Amino acid sequence: MIIAVDGPTASGKGTIAKALAAHFGLPHLDTGLLYRAVGRQCFLDGGNPDDGGDALAATTFPDALLDDPILRGEDVGGLASRVSVHPAVRAALLTRQRDFAHLPGGAVLDGRDIGTVIAPEADLKLFVVASVPARAERRFREMQAQGRNVALADVAADLAMRDERDRTRAEAPLVAASDAVLLDTSDLGRDAAIEAAIELAERRF
Ligand code: C5P
């Protein structure tokens with residue numbers, strides 16, 4: 001059983017993917033972390049995130065970096081979005097994601113291109129969306145809880161910029177697979193969004 005959960009930043013896809021994995025007893029991979037790790041490592045190495053040459057694609061990072069809370073920051077998210085436009089970077093991360101999707105027993109993966117590129121054969125594809133104001137508000141609250149002093153308008157602008165980059169890139173853009181089920185979480189709280197996703201999945205399996 002392969003479940004693909006795609007969607008833009010702060011749509012709730014990560015929370016939903018984690019909950020589905022727990023519900024069905026499946027392993028979960030947050031694929032954004034891989035791009036975040038490449039972006040972070042590029043920064044540490046003094047590389048150029050906009051130069052999609054061999055050096056960036058060959059970036060290796062220790063597995064422990066994936067657990068580093070620093071990867072969750074907005075600045076690393078921006079770097080991830082920049083390195084992820086390069087086909088060579090995406091190709092370098094492909095096998096790891098496909099291998100995970102095909103673990104015996106199945107898996108849940110969340111990202112931008114799981115249903116379209118990584119696992120087009122997935123048994124269930126969810127495309128999780130929410131309005132920009134709803135997503136900006138969520139991200140703003142998260143950042144405030146971390147004690148960061150940010151303006152809601154700046155959070156919304158950053159988010160819209162990242163969406164635009166993810167949607168318009170030539171390689172594996174953020175787009176719903178034709179057979180994906182759309183889940184709009186704009187007006188759903190965390191628990192209601194999880195409940196809706198589990199219901200959709202149970203109807204399928
Ligand atoms: O999901 P998350 O915000 O952690 O992803 C960070 C960035 O990594 C995204 O903005 C996107 O550009 C990129 N990404 C991607 N493909 C994926 C997962 C993430 O291009 N499957």
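Numbering starts at 1 and runs along the sequence shown. Numbering of ligands and ligand atoms starts at 1, following listing order. Computed from a prediction, not measured in an experiment: that's the story for all the values here.
Backbone and side-chain nitrogen or oxygen atoms of Asp113 are examined, and one is located within less than 3.5 angstrom of a nitrogen or oxygen of ligand 1.
Numbered from 1 in the order shown, with element, the atoms of ligand 1 that lie under 4.0 Å from a heavy atom of Gly32 read 4 (O), 5 (O), 18 (C), 19 (C). The ligand atoms of ligand 1 that sit less than 4.0 angstrom from a heavy atom of Arg36 are 2 (P), 3 (O), 4 (O), 6 (C). Set against the non-hydrogen atoms of Ser84, the atoms of ligand 1 under 4.0 Å away are 11 (C), 12 (O), 13 (C), 20 (O). When each atom of ligand 1 is checked for a heavy atom of Asp166 under 4.0 Å away, the hits are 9 (C), 10 (O), 11 (C), 12 (O). Ligand 1 places these atoms under 4.0 Å from at least one heavy atom of Ala80: 6 (C), 7 (C), 8 (O).
Across Arg135, Arg138, Lys13, a single residue satisfies side-chain hydrogen bond (donor to acceptor under 3.5 Å, both in side chains) together with Thr185, and that is Arg138.
Using a distance-only test at 3.5 Å, with no hydrogens or angles considered, a donor-acceptor pair links the side chain of Arg36 to the main chain of Leu71. Proximity of a side-chain donor or acceptor of Asp110 to a complementary backbone N or O of Val5 within less than 3.5 Å is not detected.
Regarding atom 8 (O) of ligand 1, its nearest protein heavy-atom neighbour is Tyr35 CB, 3.6 Å. Protein heavy atom at the shortest distance from atom 18 (C) of ligand 1 is Thr31 OG1, 3.4 Å.
With a 4.0 Å heavy-atom cut-off, ligand 1 is reached by the side chain of Arg162 but not by its N, CA, C or O. Counting heavy atoms under 4.0 Å from ligand 1, residue Arg169 touches it through the side chain alone. When non-hydrogen atoms are compared, ligand 1 lies under 4.0 Å from neither the backbone nor the side chain of Arg165.
Pairs passing the side-chain hydrogen bond (donor to acceptor under 3.5 Å, both in side chains) check and including a residue from residues 115-128, sequence neighbours excluded, read His102-Glu121, Lys125-Asp179.
Side-chain polar atoms of Ser84 and Arg169 form a donor-acceptor pair below 3.5 angstrom.
Taking a cutoff of 4.0 Å between a charged side-chain nitrogen and a carboxylate oxygen, Arg90 and Asp113 qualify as a salt bridge.
Atom CG of Leu159 and atom CG of Asp154 lie 12.0 Å apart (nearest 0.5 Å). Rounded to the nearest 0.5 angstrom, Leu34 CG and Phe100 CZ are separated by 10.0 Å.
Contact between Lys13 and ligand 1 is present, with at least one heavy atom of the residue lying under 4.0 Å from the ligand.
With distances taken over non-hydrogen atoms, the option nearest atom 20 (O) of ligand 1 out of Arg167, Arg112, Glu171, Arg90 is Arg90.
When all heavy atoms of His28 and Ala17 are compared, the pair lying nearest together is NE2-CB, 3.5 Å.
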